[in-house]
Student: 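Below is a structure I'd like to ask you about.
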Amino acid sequence: MAEIPQGGFTAPKGIPEYVGPEFTAVRDTLVREADRAGYAHLELPVFEDTALYARGVGESTDVVSKEMYTFADRGGRTVTLRPEGTAGVVRSVIEHGMDRGTLPVKLRYQGPFFRYERPQAGRYRQLQQVGIEAIGVDDPALDAEVLAVADAGFRALGLTGYRLEITSLGDATTRPAYRAELQRFLEKLDLDEDTRERARINPLRVLDDKRPEVREQLAGAPLMVDHLSDEAAAHHRKVLGYLDDLGVAYTENPWMVRGLDYYTKTTFEFVHPGLGSQSGIGGGGRYDGLMAELGGPALSGVGFGIGVDRTLMACHAEGLEVAPARRVEVFGVPLGEAARDRLVGIVGQLRRGGIRADLAYGGRGLKGAMKAADRSGARYALVLGERDLDGGVVQLKDLSDGSQTEVPLDGAVAAVDRALGS
RNA sequence: GUGGGUGUAGCUCAGCUGGCAGAGCACUGGGUUGUGAUCCCAGGUGUCGCGGGUUCAAGUCCCGUCACUCACCCCA
């Protein structure tokens, strides 16, 4: 642990930093699957009016009530670093009238989100997500598409140890009655003060309690899936049918609860065992009331958010190599200043030709330069010394087997091209 | 917000019941006056997290404090 910062500065608490290609490889793989299904990139603000989240996500949620980074800007407006993506997307769709074109509006986003929590394995204050939203059409096939896109992303990374859990939270026609019934059930149980309070504010969340003594008492609890409206039940059956058609495996989990208030009908979570005490690598669902709640037309929507940090953790847990360590393909090794001057130009030419290339800078010795070439992961080294310069040649060395061929200095770029092409 | 664990070299860590601060990796140079990944030799760094206390003597024991970390909670 680097607790003694050399310069006195450290990254803010709970924020992971990534060096190297792995993080972007995971993120880009997930994004690619969204592109493949026709979701357009949407670049969103990283902070919004605090009221957007209070209204959209729900005052009673933990996210809003105690995890937001909220502050006043210089104009006295109260803003909040975005804790999730859906509210911002919906706001943008309404603001720009995107719902007036062809429906559904299919959008994807990526980037950092912020929640003020105690950090631990797989839980960060700045977390990275890739998400998609499909707004404006209440079609169970769209729910299935969203799930299939997420599933395809995980598969493309080579993940096999995850599971999709799914249920339905019903709709506004039957949820209030169910909620009241659940509350009556919970009132009779022997629960601690915090849990009783939660039962009062958001009884659904009590169902998700992990403590054995609570779980036991919940055994006979009424479940939402048994109280669905005819329409919601039909929708749910159709979604599961499409998932079968799409070859997406799932497990029904009627106990599942989400932390955000806007979900209706289809609700899901992708879980993975390799994340420490966290389990979700992605989650989402349908939100049929959110557009109207935020002042837009009464259109439905469905989407997911995938945690890139956690997905990377899952890849590590499964021992997957998510990105090649090879930084460059060719490495220039100069002996002396004249050779270095010449290689600077050659490396530039290689890069212009689309070949990843690097050079031993700083006038280190031959041995050190060769070592740098080795560490770079390059397949070839271009070794150039005084004798070569005099003869108008350069040594092209294959670092995997140590073989070396002499090529004309003028034809160095072409020779590298040929070597890499073979 | 509530608990537990850990702070020693750039990194990963060892250092027993107090007695001269160590190893591996990495880095640099040499063995090879022009060849890496292997091998051999050499080289350097430490406010032992910080502050106090006990002691002839503290990395080691005690108190405090900060940081990191894991877990509860919650979620991506």
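Everything numeric in this text was worked out from a predicted model, so none of it was measured. Note on naming: letters A, B, ... go to the chains in the order of the sequence lines (proteins, then strands), and numbering restarts at 1 for each one. All values below were derived from every heavy atom in this structure, side-chain atoms included, with hydrogens, water molecules and symmetry-related copies excluded.
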Student: Without decimals, in angstroms, what is the distance between A/Leu366 CG and B/G36 P?
Tutor: 7 Å

Student: Do the ring planes of A/Tyr116 and A/Tyr69 sit parallel (below 30°), tilted (30 to 60°) or perpendicular (above 60°)?
Tutor: perpendicular

Student: Between atom CZ in A/Arg125 and atom C1' in B/A67, what is the gap in whole Å?
Tutor: 13 Å

Student: Pull out every stem in RNA chain B, meaning runs of 3 or more consecutive Watson-Crick or G-U wobble pairs with both distances under 3.5 Å.
Tutor: B:1-7 with B:66-72, B:10-13 with B:22-25, B:27-31 with B:39-43, B:49-53 with B:61-65

Student: Report which part of the nucleic acid A/Arg115 touches: base, sugar-phosphate, or nothing (heavy-atom distance under 4.0 Å, all strands).
Tutor: base

Student: Just how far, in rounded Å, is C1' of B/U35 from CG of A/Asp401?
Tutor: 14 Å

Student: Specify the separation, in whole Å, of atom CG of A/Leu127 and atom C1' of B/C74.
Tutor: 13 Å

Student: Hey, does A/Gln404 reach any base, or is it just sugar-phosphate, or nothing, if we go heavy atoms under 4.0 Å?
Tutor: base

Student: Once you round it to whole Å, what is the distance between C1' of B/U35 and CE of A/Met370?
Tutor: 5 Å

Student: What's A/Lys13 touching, base or sugar-phosphate or nothing? Going by heavy atoms closer than 4.0 Å.
Tutor: sugar-phosphate

Student: In this structure, how many angstroms lie between the P atom of B/A71 and the CD atom of A/Glu117, rounded?
Tutor: 13 Å

Student: Counting only heavy atoms not in A/Phe47 (residues, nucleotides, ligands), do more than 12 fall under 6.0 Å from its CZ?
Tutor: no

Student: List the residues meeting ring-ring contact (aromatic ring centres under 6.0 Å, His included) with A/Phe71, not counting sequence neighbours, and say none if there are none.
Tutor: none

Student: Taking the C1' atom in each of B/A71 and B/A37, what is the distance between them to the nearest angstrom?
Tutor: 43 Å

Student: Take atom P in B/C62 and the same atom in B/G18, then report the distance between them in whole Å.
Tutor: 11 Å

Student: Determine the contact category for A/Gly131: base if any of its heavy atoms lies under 4.0 Å from a base atom, sugar-phosphate if only primed atoms, P, OP1 or OP2 are that close, otherwise nothing.
Tutor: nothing

Student: Would you measure the distance from the P atom in B/U38 across to the matching atom in B/C25 and give it in whole Å?
Tutor: 10 Å

Student: Can you figure out which of B/C70, B/U28, B/A76 approaches the side chain of A/Ala121 most closely?
Tutor: B/C70

Student: Going by side chain to side chain donor-acceptor pair (under 3.5 Å), A/Tyr262 matches just one of A/Glu84, A/Arg55, A/Arg286, A/Glu293. Which one?
Tutor: A/Glu84

Student: What verdict does the side-chain hydrogen bond (donor to acceptor under 3.5 Å, both in side chains) test give for A/Asp309 and A/Tyr18, after you've listed the backbone C-alpha separation in whole Å, the side-chain angles of each residue and the deciding distance to 0.1 Å?
Tutor: CA-CA 10 Å; A/Asp309 311 275; A/Tyr18 300 99; 2.4 Å; yes

Student: With a non-hydrogen cut-off below 4.0 angstrom, is A/Lys367 in contact with a base, only sugar-phosphate, or nothing?
Tutor: base

Student: For the side chain of A/Asp388, counting heavy atoms from C-beta on, which of B/G34, B/C73, B/A37 is nearest?
Tutor: B/G34

Student: With a 4.0 Å limit, can you tell me whether A/Arg123 has a side-chain N or O closer than that to the phosphate oxygens OP1/OP2 of B/C70?
Tutor: no

Student: When you compare B/U8 with B/C48, how far apart are their P atoms, in angstrom units rounded to a whole number?
Tutor: 11 Å

Student: For B/A76, does either OP1 or OP2 sit under 4.0 Å from a side-chain N or O belonging to A/Gln278?
Tutor: no

Student: What is the nucleic acid contact for A/Gln129, judged by heavy atoms within less than 4.0 Å: base, sugar-phosphate only, or nothing?
Tutor: sugar-phosphate

Student: Report the nucleotide, chosen from B/U35, B/G36, B/G3, that has the shortest atom-to-atom distance to any side-chain atom of A/Arg118.
Tutor: B/G3

Student: Between the side-chain atoms of A/Arg387 and the base atoms of B/G34, is any donor-acceptor pair under 3.5 Å?
Tutor: yes

Student: Any side-chain donor-acceptor pair under 3.5 Å between A/Gln217 and A/Asp190?
Tutor: no

Student: Can you tell me if A/Arg198 touches the phosphate of B/C74, counting only side-chain N or O atoms and a distance under 4.0 Å to OP1 or OP2?
Tutor: yes

Student: Base of B/C73, side chain of A/Arg205 - is there a donor-acceptor contact under 3.5 Å?
Tutor: no

Student: For the P atoms, the ones on B/U60 and on B/U54, what distance do you get once it is rounded to whole angstrom?
Tutor: 15 Å

Student: Can you work out whether A/Ile306 or A/Gln395 has the more 5'-proximal nearest nucleotide on RNA chain B?
Tutor: A/Gln395

Student: Expressed as a whole number of angstroms, how long is the span from A/Tyr124:OH to B/C68:P?
Tutor: 14 Å

Student: What pairs with A/Arg258 under side chain to side chain donor-acceptor pair (under 3.5 Å), at least two apart in sequence or on another chain?
Tutor: A/Glu269

Student: State which of B/U28, B/G34, B/C72 makes the closest approach to the side chain of A/Ser277.
Tutor: B/C72

Student: Could you tell me how far B/C61 sits from B/U17 if I compare only their P atoms? Round to whole Å.
Tutor: 8 Å

Student: Classify A/Ile281 by what it touches in the nucleic acid, base, sugar-phosphate, or nothing, heavy-atom distance under 4.0 Å.
Tutor: sugar-phosphate

Student: Return yes if some donor-acceptor pair links the side-chain N/O of A/Lys13 with the main-chain N/O of A/Arg125 below 3.5 Å, else return no.
Tutor: no

Student: Distance between the P atoms of B/C41 and B/G53, in whole angstroms?
Tutor: 46 Å

Student: Between A/Asp62 and A/Ser403, just flag the one whose closest nucleotide in RNA chain B comes earlier from the 5' side.
Tutor: A/Ser403

Student: What is the nucleic acid contact for A/Phe270, judged by heavy atoms within less than 4.0 Å: base, sugar-phosphate only, or nothing?
Tutor: nothing

Student: Give A/Glu386 one of three labels, base, sugar-phosphate or nothing, depending on what nucleic acid heavy atoms sit under 4.0 Å from its own.
Tutor: base

Student: Roughly how many Å is it from CZ in A/Arg375 to C1' in B/U35, rounded to a whole number?
Tutor: 15 Å

Student: Under 3.5 Å, is there a donor-acceptor pair between the A/Asp143 and A/Thr266 side chains?
Tutor: yes

Student: Can you tell me which residue among A/Val416, A/Leu382, A/Leu359 is in a side-chain contact (heavy atoms from CB on, under 4.5 Å) with A/Ile346?
Tutor: A/Leu382

Student: Between B/C73, B/G3, B/A76, which one does the side chain of A/Arg310 approach most closely?
Tutor: B/A76

Student: For atom C1', what is the distance between B/A21 and B/G5, given to the nearest Å?
Tutor: 24 Å

Student: The test is salt bridge (Lys or Arg N to Asp or Glu O under 4.0 Å); show your working for A/Asp62 and A/Arg205 and say whether it passes.
Tutor: CA-CA 11 Å; A/Asp62 282 24; A/Arg205 296 243 308 282; 2.9 Å; yes

Student: Any side-chain N or O of A/Thr61 below 4.0 angstrom from OP1/OP2 of B/C74?
Tutor: no

